[in-house]
Amino acid sequence: MESELKDMNPNPPSSSKEDRPLLKSESDVSAAIEELDKKFAPFARTDLYGTMGLGPFPTAEKVKLAVAMVTLVPVRFILAMSILLLYYLVCRVFTLFSSPYRGEEEEEEEGGGVVQEDYAHMGGWRRVVIVRCGRFLSRVLLFVFGFYWIPESCPDRDSAADSSPKTSSSEIAENGETDKEEPERPGVIVSNHVSYLDILYHMSASFPSFVAKRSVGKLPLVGLISKCLGCVYVQREAKSPDFKGVSGTVNERVREAHRNKSAPTIMLFPEGTTTNGDYLLQFKTGAFLAGTPVLPVILKYPYERFSVAWDTISGARHIIFLLCQLVNHLEVIRLPVYYPSQEEKDNPKLYASNVRRLMATEGNLILSDLGLGDKRIYHATLNGNLRQLRVFHQKEE
């Protein structure tokens with residue numbers, strides 16, 4: 001990767017006294033960006049707003065954005081902040097006088113890699129209120145963002161069972177034993193990852209726990225909400241010699257959710273990063289190490305003007321453009337619970353690969369071997385080429 005990055009690096013040498021671009025003309029830079037978009041297709045934006053959401057914008061689109069900026073954006077922003085504050089207050093009130101759950105071992109020491117501190121294990125009516133309010137307000141927030149209706153489809157369980165090596169629920173149904181034996185509970189929900197909006201949808205659908213950076217738990221408003229979700233907080237480095245790691249903590253949560261109906265379900269994005277929504281990257285094995293059944297969910301965001309995929313675009317620009325859209329679209333495909341065969345339980349890579357192929361087939365997604373490292377190369381090189389374009393524009397002016 002390093003050699004590839006050096007070959008593709010468009011930045012001029014620091015020792016140069018003048019800004020001498022490596023590419024000779026603006027057309028050369030545009031062609032280089034086109035080539036990049038083809039090579040790193042899973043991360044390329046193909047909507048009307050262009051690469052990194054920088055345009056160029058048609059005149060009609062500029063007018064629409066200008067009108068939306070003074071009408072839709074202020075109203076939606078105020079409503080969104082009001083909903084966030086309301087739910088924070090709900091969480092604050094219903095967690096009063098309660099201590100957060102810290103698991104069997106508290107790993108909050110300096111240098112610890114994983115921290116568990118949540119209110120998701122809190123039982124009783126207060127937990128019910130937190131979950132129901134969270135699901136309802138998450139759906140209201142999606143409505144405010146323009147997702148007025150979200151169609152959900154559930155492919156035929158029998159056809160899905162044919163695509164997987166083993167689906168015990170269908171076998172039970174065929175044998176007429178549904179009343180005698182209850183299907184196993186999935187230990188984890190797995191989904192493709194397109195945008196931060198994915199989290200809002202899953203909160204509205206099942207209110208699961210997520211893996212998040214430790215800093216999220218300390219954010220105003222969002223920090224307490226993440227604790228009510230039961231997030232597993234991750235830090236970059238671990239100095240403790242007996243540190244069990246992210247995968248160990250996640251495995252415990254997956255097994256707990258599988259065994260205990262009252263335990264919070266955990267939600268994982270096995271791709272490890274976002275795509276433009278048309279592709280499915282290689283799956284990491286974290287969600288499959290425990291060998292428990294998984295529930296695959298596929299999210300698709302059809303668009304005409306602006307793609308809500310969070311790739312090559314800044315967070316602020318993305319939110320503004322999202323709020324400017326009168327209508328946004330989300331379609332959900334909920335596959336049957338996938339029950340692994342013994343071979344898959346013994347081989348997490350095989351298990352992950354089979355679930356990935358099933359999701360790609362059912363969701364009409366393109367399989368890609370690229371990953372987070374390739375995405376970083378793409379972003380770095382793309383930023384360099386865009387700097388070259390700015391140099392040409394400044395010279396023309």
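Heavy atoms of other residues, nucleotides or ligands lying less than 6.0 angstrom from CZ of F77 number 12 at most. No more than 12 heavy atoms of other residues, nucleotides or ligands shown are found within 6.0 angstrom of NZ on K284. Within 6.0 Å of the CD atom in E343, the count of heavy atoms belonging to other residues, nucleotides or ligands does not exceed 12. Dense packing is recorded around OH of Y148, with more than 12 heavy atoms of other residues, nucleotides or ligands lying under 6.0 Å away.
The closest side-chain donor-acceptor pair between Y87 and S138, if any, does not fall under 3.5 angstrom. D346 and Y351 form no side-chain donor-acceptor contact under 3.5 Å, judged by distance and modelled atom types alone. Under the 3.5 Å distance criterion, with hydrogens and angles disregarded, no donor-acceptor pair is assigned to the side chains of E271 and Y279.
Considering F269, Y301, F283, F43 as possible partners of H193, the one that fulfils the ring-ring contact (aromatic ring centres under 6.0 Å, His included) test is F269.
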D37 vs Y378, side chain to side chain donor-acceptor pair (under 3.5 Å): CA-CA, chis, key distance, verdict: CA-CA 8 Å; D37 288 345; Y378 172 59; 2.6 Å; yes
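With hydrogens and angles ignored, the 3.5 Å screen pairs a side-chain donor or acceptor of N276 with a backbone N or O of A41. The backbone N or O of R139 sits nowhere less than 3.5 Å from a side-chain atom of S204 that would complete a donor-acceptor pair.
Ring-centre distance between H318 and Y49: not below the 6.0 Å cut-off.
T95 has its side chain within reach of I130: a pair of non-hydrogen atoms, C-beta onward, lies under 4.5 Å apart.
Looking at K39 and D374, no side-chain N of the basic residue comes within less than 4.0 Å of a carboxylate O on the acidic one, giving no salt bridge.
A distance of 10.0 Å separates CD of E304 from CD of Q325, quoted to the nearest 0.5 Å.
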